[in-house]
Amino acid sequence: MKLLIVDDSSIIRSRIARIMSDPRLPSLMIVGMAKNGAEAMELFSQTQPDLVTMDLTMPEMDGVECTESLSKLNGDVGILVVSALSDKATAIKALKKGAKGFLYKPFTDEQLVNALLEMMS
Amino acid sequence: MADITEQEIRVFVDAVNRYFEQITGEKARIRGSFLAEGETQLPIYDFTGLISLSGQYRGCIYFSATRILLMRLLLAMQEPRQTDAHMLDAVGEIANTLAGNAREYFGETMDISVPTTFHGFSDLLKSAVRKRPYVIMIKWKQYEAAVIVDVVRK
């Protein structure tokens, strides 16, 4: 399965990429990393990922808008929102726009692995 | 407009504790929290990340830390890159996480900006922070940082 990582923090992008080397996720291949929603749209078209980790608070195009746009392009894509925005209304909004899961920051390696495994199943 | 209460500051203290424990496995120690009044000098360390608030709230939240704390934190995250750009990225991400986590209590009507980050002092802080912010002093391992919370309800 192909994974696209979307986050405005290069530290978080690298961390998610590193966690992908977990032996429980052998079938995941990172096909791109984007630092905002606009870049994610471009990479999405080029790489056609099956899974996306999506930050919400980003410049240019935020994660909710990007989630909605990506879901319109491909309703089957699994979008896991990875965000610090911890209010219920935001999670519900993201899910309504097409996200399939939500993981709050700060997260542990284990929590991200489990969330991705759940998405893949 | 009404200042948030001292009890509500606990939301940010809890967010700080959760951040360090989740990311490093080691809790931060809160050295103290107080209302900064009058001519109290606000703590500014080497790198600072600032979040502006809007919606039903106004004000800002900033996280400021020493270079050494950030170096250790990046190592704990297995991030080998230690440039100034990575330090700025780290303080921005932490400020964003603390503000974002606070929405669990304050709700979605607390709009938070993307972080603004800087090295050393910035005049931005003078205009962003009002006269009576809360200061939360942090120690993680032996390294220092601070969170400044300046939030009012509209």
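The sequence lines fix the lettering, A, B, ..., with proteins before strands; numbering per chain opens at 1.
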Contacting moiety of A:Asp62, where chain B heavy atoms sit under 4.5 Å: neither
Options A:Thr90, A:Thr108, A:Ile11, A:Thr57, ranked by heavy-atom pairs under 4.5 Å with chain B, top entry: A:Ile11
Pairing of B:Arg67 and B:Asp46 as salt bridge, 4.0 angstrom limit: no
Side chain / backbone / both / neither for B:Glu79 at chain A, heavy atoms under 4.5 Å: side chain
Proximity of A:Phe102 and A:Tyr104 rings by center, below 6.0 Å: yes
Side-chain touch A:Ser86/B:Arg103, heavy atoms, less than 4.5 angstrom: no
Contacting moiety of A:Ile12, where chain B heavy atoms sit under 4.5 Å: side chain
Check: B:Phe106 ring centre within less than 6.0 Å of B:Tyr57 ring centre: yes
B:Arg18/B:Asp14 ion pair, N-O < 4.0 Å: no
Chain A contact via B:Glu108 - which portion, at a heavy-atom distance below 4.5 Å: both
Toward chain A, the part of B:Leu74 with a non-hydrogen atom under 4.5 Å: side chain
